Amino acid sequence: MSSHPPVRDWATDFDHTDPGWVTDPFPIWDELRETCPVAHSDRYGGTWLPVRHEDVAAVAYDTEHFTSRQVIVSEARPGPNDLPAPIGIAPPITSDPPFHALARRLLLPAFAPKPIAALEPSTRELCRELLDATAGKSTFDAAVEYAQEIPVRVIVRMLGFPQEDAPRFRQFIHQIIEAVDVPAEERRELQDQGELGEYFEARINEHLANPQSDLTTFLLEAELDGNKLEPDHVMGTMILLMVAGIDTTWSAIGASIWHLATHPEDRHRLAAEPELLPTAVEEFLRAYAPVTMARMVSQDFEFQGCPMRAGDWMLLPFPAANRDPEVSRMPIGW
Amino acid sequence: MRVVVDSEKCQGHNRCYALAPEVFDVDDLGFAFAIFDGDLPPELEAGARAALSNCPEYAITIHEDEA
Ligand code: HEM
Ligand code: SF4
């Protein structure tokens, strides 16, 4: 829920925490695409919003004028304690070139097709267990009891943390991704100190004393230019993997279930023709693309006729880009 | 038809490998390369085209037969 005043006008005062955006952003983007393809809002200290595919792609690929130093729009801006650009607080997602490529390459072996395929059997088993646990219930919240459970448990396993800690991860995600409309000071407190940092530090120390074959040990042993990673880099990347692995996936699974629940004809078709599932998954990822990242303008310049000022936020609604009729077919289908 | 992966552009998203494992393989880092040096068997062309349009880095190019 947003603690901000209601949005007066989407072209000049938008806010992605407004209940109107949260419940149904699609008509907002459709309208802006026609009337004001790069919207602006004074909120969060100044934020831009491109909604056309062409503009979202242009910003995402333009690492000269836009920095990834901070990729979540909030009241808090990078502070003196944050790792400076081009590394950022959670490499590689908060890194800029040329450091970005190095930080990214470091992670790739852990996410190549073979190690990921090795996770499939246990993940399928987990999904079946969660479904079995709903037996006998006439209704249940599929987002909370199914979708949200899956990535939390998978990522806890990948990082090599105790399974019983899974519920705490929900709280961490809330602090980082959802609590973006709280005042800057409160947000810094949420992020900088306390439980989250302590929790990860404790796990890192355990792994240093007792290396495992998991992502945590993988990161602790990884080398850049012959040196082990800085402790801040390891912790930042671990927190990134937690956030990137959990929030995205639970939103994607939840949105897909929601689509099937509200489109019985699609549900019947998939049940009858399960070989269409891979295509359906691609369509869900396109139309409900569960990630809206941000960039920060790194220098004053003009973009699509709009005056960008260094330090302005640039919100990137990927699902809006993916639904642009210039490049995509709507409604979704397979 | 010949298919080429530009290793400078490839970021290891593995979309090509997921869509057309008969046409693309990946190294230990997940960077892709084309399995066939020469012409693709015709039955694999559709997979190569799907990979081309799905590669997020525009790293794949297809060369139609010049013969
Ligand atoms: C449906 C699921 C997912 C979606 C839609 C998704 C989407 C994205 C997007 C759009 C970005 C680019 C962000 C930007 O441009 O600033 C990204 C980056 C990233 N994601 Fe995901 N993601 C998903 C799942 C995951 C999972 C499961 C993990 C790991 C466990 C993960 C790890 C990462 C990492 C490490 C990056 C940073 C890569 C880099 O900076 O080069 N993601 N993701
Ligand atoms: S889809 Fe493109 S970027 Fe991804 S592995 Fe294949 S060639 Fe590389």
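Order of the sequence lines fixes the chain letters, A, B, ..., with proteins taken first and strands second; residue numbering starts at 1 for each chain. Predicted model only: the values in this text are computed from it and were never measured.
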Between chain A and chain B, which N/O donor-acceptor pairs sit under 3.5 Å?
{"from": "A:Y61", "atom 1": "OH", "to": "B:P56", "atom 2": "O", "distance (Å)": "2.4"}
{"from": "A:R104", "atom 1": "NE", "to": "B:Q11", "atom 2": "O", "distance (Å)": "3.2"}
{"from": "A:R104", "atom 1": "NE", "to": "B:Q11", "atom 2": "OE1", "distance (Å)": "3.1"}
{"from": "A:R104", "atom 1": "NH2", "to": "B:Q11", "atom 2": "O", "distance (Å)": "2.8"}
{"from": "A:E282", "atom 1": "OE1", "to": "B:R15", "atom 2": "NH2", "distance (Å)": "3.1"}
{"from": "A:E282", "atom 1": "OE2", "to": "B:R15", "atom 2": "NH2", "distance (Å)": "2.5"}

request  = Could I get the full list of salt bridge (charged side-chain N to carboxylate O under 4.0 Å, His left out) partners for A:D214, not counting sequence neighbours?
outcome  = none

ask   = Looking only at heavy atoms, what is the nearest atom pair of B:L29 and A:P109, with distance?
value = CD2-CG, 3.4 Å

ask   = By ring-ring contact (aromatic ring centres under 6.0 Å, His included), which residues pair with A:F99, not counting sequence neighbours?
value = A:H233

key: Partners passing salt bridge (charged side-chain N to carboxylate O under 4.0 Å, His left out) against A:E230 (at least two apart in sequence or in another chain)   = none

